[in-house]
Chemist: 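Take a look at this one; I'll ask things after.
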Amino acid sequence: MVIGVGAYNNAATIGPVMEAVQAGLQRHQPAVESCIVLAEGGSTDGTPDVVRHALGPRAGRLVQVAYPVHPADLLEAAYHGLPGRPQALAAIFRTAAALGARACAVVDASVASLGADWIAALIEPALDGGFDFVAPCYARAPQEGALTRSIVYPLFRALYGVRLHQPAGGEFGCSRALLDHLLAQDGWQDGGHGVGVDIWTTTAAVCGGFKVCETRLGPRRHVSRDDAPDLSATIVQVIGALFTEQARRAEVWQRIRGSAGVPAFGTSPAVPEAPPVEVSQLVESFRLGYRELRDVWAAVLPPATIIALKRLVVGSAGAFAMDDELWARIIYDFAVGHRLRVLRPDHLLGALTPLYLGWLASFLGEVGTGDAAVVDERIERLALAFERQKPYLISRWRWPERFNA
Amino acid sequence: MWDQVNLIFSRAAGRIVENIANFLPGLVVLVVLFLAAIVVAAIVRVVLYRLLRGLDFDQRASRTGLAMLAEWAPDKSASLMVARIAQWTILFLGFLAGLSALDATMPSYFALTVFGYLPNLVAAAIILVLGDLFARFVARSVLISAVNMQIQSARLLSVGVKWLVLILAGTMALEQIGLGREILLLAFGILFGGVVLAMALAVGLGSKDAVSRTLDRQLRDGSEPHAPGERIDHV
C-alpha cells in the first residue's frame, strides 16, 4: 500500500505529519508492505530534508517523486494550500500504480491534527473492507466547514444521491481499481482538473459506480499559508469546481432521485472549539450585498427570489432566518447561471459570497454553539430541501429561458 | 437695350437649363442608388435577423459577454441590433455612393472626405465599444470585490472606475478622429487628475475612522483585520 503526501514548501508542518504517517503504518499495518510517496513540487525551504529527518532510519521506505509547479499555480492561491495539487495527485497515483499498490491513501502535509490513527482509518476500508473510495468526515464546530455544510454536501448529495459529508476533503483513501480508473480519465495533463481536483476525484468515484464509504477522522486543524485565499476566492474555487463537475455530468445526475447513506467507520470525537463569529456582522454583509449587488443577482435569480431576499433585508436582524427551500433554489439558480455563462464565473461566484454569509448568519443564529447532533439535524433538513428542489434544478437546467420571463 | 436684356436672360436661362440638365442625371442616379440601398438594406436586415435568430445568436452573445449589444438594442435583442447596424451602414454607404455620382464638386468632395475618414471613424467606434466593454467588466469586478471587502461605498467606487475607463476610451476615440487634440488632452489630464484626487480624498476622509480603528486594533493585539467569517475554515 502507498501513503501519498504532496508537499511544496511545507517544512514547518510536514515533520509531524510524516511521523504520524510512519507511526500509523507501524501500528496498524505492520505486516503489509508499505511505502510513503512524497510528491515534491521543488520546495526551497528544505522540505525533503525535514521529511527524511522525521522518518529517521526508516527513510528507506520513502519514494520521492517530483511534480511540476507552474507559475499559474503559484499565482492562484488554492484553498487547499498546495500549489499544483492536481499534478501532485497524478504523481502519487502513477507511482502507486507503478509500485503495484493494492490501496493508496493521500494526506495533506499541512494538517497539524493528523494522527497515526488517520492512516489506518483511511487505508483499511480500501485494503480489507472492499471499499474503493474512503472519504473523510471531520469533527467541526458549527461555524467551521460552513461552505461544505451549506452548499457542497447538500448539492453533492442531491445531485449524485450519495450522502458524503466531505466531498472536497484533503485526505482520502482509494483502492487499486479506483486508482486505475482515475488514471484512465482524461485531463491529468498540465493539471487539467484544476484547483478542485478533490471534488473531481470524489465525483469520479461516485459516478464510476465504485463502493464508497466514510471514515471519521476527528478534528482537522489546517495550518494556512500566508497567501491563503480569502472567502470569496475560496467560494470561486470550491463552488466553481462543483458546478463544473455538475455541468460535465449532467447526463448522470438528472436520472438520480433521492439519496442513500454510505457506511461510516470510526467514532465521533468531541467537536473542537473555533473562533467565534459575530452573527450581526454577517447579517450586515448580506444587507450590503443586497443593496449593492441586487442588479448582479437579478441576472441569475428569478424575481420571486429577489423579493424573498428583500423580505430578509427589511426584517429585523434578530429574526434573520433564510428558508432552506429558498437557499436551495438560489444555489440551483447559480449553478444554471454558471452553466449558461450569464456572467464570468469569478463574478458570478463572487456575487454569491454575501448570500452565503446571509445563510451562515441564519444557520448560526439557529444552532448557536449547539452540539454536533443539533448541527447534524439542521444540515439534514437543509439537505432534504435540496433534494425536494431538485425538480426545480432539472427544469431550469433543461429549459432556462422559461424562467427569464 | 431690351435686346441685350433678352440676350442675358436667355444665356442665363440656357446656363441654368444646361446645369439642370447636367445635374439631373446625377440626381436620378443618387435617388436610384439610395432607393436601391434602402431595398438592399431592408433585405439584408430581414435576412440577417432571421439568420442570427436561427443561429441562437442572442443566447450565444449573452454567454460570450456580448450582452452589451442587447443592452443597446430597444428590444434587448443582440440579433436585432446587429441587423440594424448592417441596415444603417448599407444606407449610409448607398447615400455616399449616390453623392459621388452627382458629379458636383461639393457633394463629391464631401463624399470622398467621408470615405477617406471612414477608417478613423471605424477605429474610434471600435475603441468606444471595447472601452465600454472593459469599463463594464472592471466596474463589476470592483463592485463585487468591494462588497466582499465590506466597503460601504462599493457602488460609488465601481461607478468612479467605470467612468474613468469610459473617459479614457472617449478621449482615445476623439484623439483618433482628430478633434481638438491639444485641448482634449489637457482637459482629460485635468479631469482624470481631478477624479483621482476627489476619489482619494473621499476614500481618505470617509475611511479615516475605519483606518484608525484598524490600526488601533493591530497595535493592541497584533492581529490582522478580518472581514466577517474570514478567520474560520469554510471548507
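Throughout, a chain's letter reflects where its sequence line sits, starting with A, and its residues are numbered from 1.
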Chemist: Within a strict 4.5 Å, meaning less than it, do heavy atoms of the Asn148(B) and Leu231(A) side chains meet?
Modeler: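 No, side chains not in contact.
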
Chemist: Crowded around Arg53(B) CZ? As in, over 12 foreign heavy atoms under 6.0 Å?
Modeler: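 No, because the 6.0 Å sphere around CZ of Arg53(B) holds 12 heavy atoms or fewer from other groups.
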
Chemist: Hey, mind stepping through Leu343(A) and Arg140(B) against side chain to side chain contact (heavy atoms under 4.5 Å, CB included) and telling me if it holds?
Modeler: CA-CA 10 Å; Leu343(A) 301 170; Arg140(B) 194 185 287 148; 3.2 Å; yes

Chemist: Taking Val235(B) as the fixed residue, which of Asp198(A), Val152(A), Thr234(A) is the one that meets the side-chain contact (heavy atoms from CB on, under 4.5 Å) rule?
Modeler: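 Answer after filtering Asp198(A), Val152(A), Thr234(A): Thr234(A).
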
Chemist: Got a second to check how far Ser153(B)'s OG is from Glu292(A)'s CD, nearest 0.5 Å?
Modeler: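 Here the interatomic distance stands at 8.0 Å.
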
Chemist: State, to 0.1 Å, how close Val147(B) and Pro354(A) come at their nearest heavy-atom pair, and which atoms those are.
Modeler: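 Smallest interatomic distance, heavy atoms only, reads CG1-CG, 3.9 Å.
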
Chemist: Just so I understand: if I count every heavy-atom pair under 4.5 Å between each of Arg149(A), Arg140(A), Glu284(A) and chain B, which residue has the most?
Modeler: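 The residue among Arg149(A), Arg140(A), Glu284(A) with the greatest pair count is Arg140(A).
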
Chemist: Below 4.5 Å, heavy atoms only, C-beta onward: do Arg291(A) and Gln152(B) meet side chain to side chain?
Modeler: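 Touching, per the 4.5 Å side-chain cut-off.
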
Chemist: Kindly compute the distance separating OG (Ser141(B)) from CZ (Arg344(A)), expressed to the nearest 0.5 Å.
Modeler: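 If we round to the nearest 0.5 Å, Ser141(B):OG and Arg344(A):CZ are 6.5 Å apart.
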
Chemist: What closest approach, in Å, do Arg155(B) and Leu293(A) show between heavy atoms, and which atom pair accounts for it?
Modeler: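 Smallest interatomic distance, heavy atoms only, reads NH2-N, 4.5 Å.
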
Chemist: Could you look at Tyr138(A) and say if it's the side chain, the backbone, both or neither that has a heavy atom under 4.5 Å from chain B?
Modeler: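 For Tyr138(A), neither part sits under 4.5 Å from chain B.
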
Chemist: Are a donor atom and an acceptor atom from the side chains of His234(B) and Tyr356(A) found within less than 3.5 Å of each other?
Modeler: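 Yes.
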
Chemist: For Arg378(A), enumerate each residue passing the salt bridge (Lys or Arg N to Asp or Glu O under 4.0 Å) test, keeping only those at least two apart in sequence or located in another chain.
Modeler: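 For Arg378(A) the salt bridge (Lys or Arg N to Asp or Glu O under 4.0 Å) partners, ignoring immediate neighbours, are Asp324(A), Glu366(A).
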
Chemist: Identify which part of Asp346(A) has an atom lying under 4.5 Å from any heavy atom of chain B, answering side chain, backbone, both or neither.
Modeler: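 No part of it gets close to chain B.
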
